[in-house]
Amino acid sequence: MKYTLTSAGFLVCFVLLGASLAASYGADGPLYDFTAYTECKELPEQPLYNGGLLKNQLPENFSSIAHFSTGFYTPAFILHNLTPGTIYCFSMSLQRRIKYAHSSPYIRCCNGSYFLYCITVWLKIEGANSAHVRASLKTENSVYNCVGSAAAKQGCWSFLKGGFVLDSPSNLSILFFQERKRAVTIHAADGSGDTLQGAEITIEQVSKDFPFGSAIASTILGNLPYQKWFVERFNAAVFENELKWYATEPEQGKINYTIADQMMEFVRANQLIARGHNIFWEDPRYTPAWVRSLTGPALQSAVNSRIQSLMNKYKEEFIHWDVSNEMLHFDFYEQRLGHDATLHFYETAHQSDPLATLFMNEFNVVETCSDENSTVDRYISRLRELKRGGVLMDGIGLESHFTVPNLPLMRAILDKLATLNLPIWLTEVDISGKLDKETQAVYLEQVLREGFSHPSVNGIMLWTALHPNGCYQMCLTDNNLQNLPAGNIVDKLLKEWQTGEVTGHTDGHGSFSFYGFLDGPLYDFTACTENSDDRDINIDVASASLQPFTEHQWRFNQQYIINTERKRAVTMHVTNGHGDILQGAVIKIKQVSKDFPLGSAIASTILGNLPYQKWFVKRFNAAVFENELKWYATEAEQGKVNYTVADQMMEFVRANKLIVRGHNIFWENPKYNPTWVRNLTGFQLQSAVNSRIQSLMNKYKEEFIHWDVSNEILDFDFYEQRLGPKAALHFFQTAHQSDPLATLFMNEYNVVETCSDVNSMVDSYISRLRELRRSGVSTDGIGLQGHFTVPNLPLMRAIIDKMTTLKLPIWLTEVDISSKLSKEKQAVYLEQVLREGFSHPSVSGIMLWAALHPNGCYQMCLTDNNLQNLPAGDVVDKLLKECQTGEVTGHTDAHGSYSFYGFLG
């Protein structure tokens, strides 16, 4: 601590004591339990708060719920006398399987006043390897879409922690758990915003989420009835043979993409996604005759030309490329070009089209386990071998040419491949032509249901391109486009696997709810099983508790932590020059520096503005440059690096002995990358990012305490799309080498602000950080931006609790309140967030995002342009005064000692 002491002629010794104030707390309500877990456990822990309001209660099953037209069939906890404003914490002291069809377990809460509710629960799922489970709250007047979330896994217990504060009394509230993106509630209102009761609702799904398509051939060109039939059913396509080398270059040097171009026009016109099949085929029978006659450099030159020609021609047109088809069964190129031939193919393909996902594509992997060349373990081994060689292998292609499908084996193989955490596609599904058409249909339905219902399968392509003489093995229609039995199956499943038209009426609150299939990217377990209307998902819930805190008790807990974590007992022993104790000496102490980093963003507007500078340093001991270090600011044109403004801001920081965060080296959001960077790919982009890191980090080595290395990597992936999944890993490694003393941060939004953003939920953040650290990255700090609208304090605390398990410094890096709210409301919520952050023992610093500009601030200003406080500024000044020791006066005791409690500084 740094204090000044006024006491002439005294020798003063400061002694820092470790004593806490714990003995003086606890009589004014429960102490908050900061316990959290991030590992999936074999057995759940005991409930926090001994179960709280759920102690000794078992859930009851309800087929309907008074006051709510939900149609849910779920277990429920019934709770009485819950009040708005109270903080409630939730966990269960029982193990009970909660089984539901198209719904979820919930807790009923009746009668409320001002309380905060904290929830914790242990979850285990069955029916999927993993699922994002969220807790939602429905009251009579409001729906809180997410009050807690967890990434639950099959076979072990996951910890969900959260909470909520009610806005208004509710005689009946329901706290329920569900997989993400399943229930849909529509709120109908007129032009004045008034709810419409009994309004007639008609809903129709107009797009499908899951990629489901088929092979097409040149026979579709000019055949309008066939084209119409296709686009009515499918949202994806793959060219059967028209991209294969023997089709595009049957004679050396005579390349012809005419047919493929015409097919691509059909794909574009109908907004279909398309797979690229294939660049090379390892089976020599399907390699052009002239290629088979080549060896050595001549063959190497030919394959290089093939990759460059094909990939440059169709750059960013195909979502996938089957690079080296069926390489577990054949090895034409590796025999002639060496063991690293396939490695070279993948590397060159990625450089040519960094946005395409590169696949291994094989037969007899999922169809059987009797083919020794393509067992699931051989597939995994080969894929890992290529990845170790630096290949960007990003997709698993399973051809799926079945005769008699073995469904348990199929599922077991998919389960094993799912451990690779890569997208899995069934790429060429059909049933052997040796079977009759009726049997084909039976087996096709089995395979399609099994694929669609597996949580790790991301797309299905049929191998049913129509030709005058039939199809490869199985057709969906005859040549008059009349369905064959297999076509009837496809139509039946397509109808079953979309929401279709839903009709109904709004309830007394103007709401209408239904369950629908997703229309966005599918990575949740949302597939149907044998009966799509009665799908059972098992969620086991154990060791749950619900603990209420009044606002007074919550504030009491905050102050308790502040007193125990941010303050210490100090005893001074005062003596004269001879070492004699001085009794009754007058002591005056004033804190002159603060320990806890509290700062704000600054912009170039602070340069030369002495009143603004004085205002800033009077309040803050930390700063972060708002935009002046970002790549678009320092190198707007390639090669023209300019740090002039940043240097001037750094002079201000140094002169006033402020600590400063480095924000940022890279930003994954493409909107905020220089235009010239967005135009780079491959080696050029890699060279540019290397220069950026070295230039920035060498320029400001040991100047910044932190660096936000790859900003917002949970929500965006500009660099990883172009440089591969290890791009961020490279950024962190290179940054650490450039400045080993800097703490390297992940910096993300919507982690602590909400739990409804599936990209940045707390478990997603933890999983990504651990993934980087397992790869050897020095990821040493947790950055939570903190752009709030209406803060949920118990949820905020629960998320920080979970982050605490990582044992890394946690900073709130960009705190503000949405400008959609009034300035008075901003101030109220800002105070709540700052108190919550400062009172959490694991938060190491807080930065406001309140750089002042002539036209205002990003979302929230502390002052006007005359430096007169706005309501948010008043809150900051109040808290700054409250959270420092101020001037302390007194007299030494009979032992020449004087004691007080002071803030660290």
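Excluded from the calculations below are hydrogen atoms, water molecules and symmetry mates; all remaining heavy atoms, backbone and side chain alike, are included. Just so you know, these numbers come straight off a predicted model, no measurement behind them.
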- Message: Show, in sequence, the C-alpha distance, side-chain angles and deciding distance for Y719 and F666, and conclude whether the ring pair (Phe, Tyr, Trp, His ring centres under 6.0 Å) test is met.
- Response: CA-CA 9 Å; Y719 294 99; F666 299 108; 5.2 Å; yes
Tested for side-chain hydrogen bond (donor to acceptor under 3.5 Å, both in side chains) against R835, the lone hit among H840, Q559, Q558, E882 is E882
d(F745 CZ, L808 CG) to nearest 0.5 Å is 8.5 Å
Checklist entry - Is S710 close to I665 at the side-chain level, that is, under 4.5 Å between some pair of heavy atoms? => result no
Between the CD1 atom in I810 and the CD1 atom in I800, the distance rounded to the nearest 0.5 Å is 6.5 Å
Side chain to side chain contact (heavy atoms under 4.5 Å, CB included) filter on R678, not counting sequence neighbours, yields P670, N673, T675, F718
Separation between CZ (F625) and OG1 (T634), nearest 0.5 Å, reads 12.5 Å
From the list E712, E814, R661, side-chain hydrogen bond (donor to acceptor under 3.5 Å, both in side chains) with N747 holds only for E814
Tell me if the OH atom of Y858 is crowded by more than 12 foreign heavy atoms within 6.0 Å.
no
Heavy atoms of P871 and E824 approach each other most closely as CG-OE2, 4.2 Å
dist L795:CG -> K161:NZ (nearest 0.5 Å) comes out at 11.5 Å
Those residues at least two apart in sequence (or on a different chain) that pass salt bridge (Lys or Arg N to Asp or Glu O under 4.0 Å) with R722 are none
* Asked: With distance as the sole test, does N669 use its side chain to make a donor-acceptor pair with the main-chain N or O of K671 at under 3.5 Å?
  -> yes
Paired with M746, the side chain to side chain contact (heavy atoms under 4.5 Å, CB included) test is passed by just one of I713, I782, D708, namely I713
Value for CG (L784) from CD1 (I846), rounded to nearest 0.5 Å, stands at 11.0 Å
Hits for salt bridge (Lys or Arg N to Asp or Glu O under 4.0 Å) against E635, two or more places apart or cross-chain, chain-then-number order -> none
query: Going through the checks in order, is the salt bridge (Lys or Arg N to Asp or Glu O under 4.0 Å) test met by E831 and K878?
result: CA-CA 9 Å; E831 180 171 359; K878 179 179 79 170; 2.9 Å; yes
> Can the positive tip of R566 be found less than 6.0 Å from the middle of the six-membered ring of F596, inside 45° of the ring normal?
Replying inline: no
Interatomic distance, CZ@R555 vs CD@Q832, rounded to 0.5 Å, equals 8.5 Å
Residues S604 and V645: closest non-hydrogen pair is CB-CG1, 3.7 Å
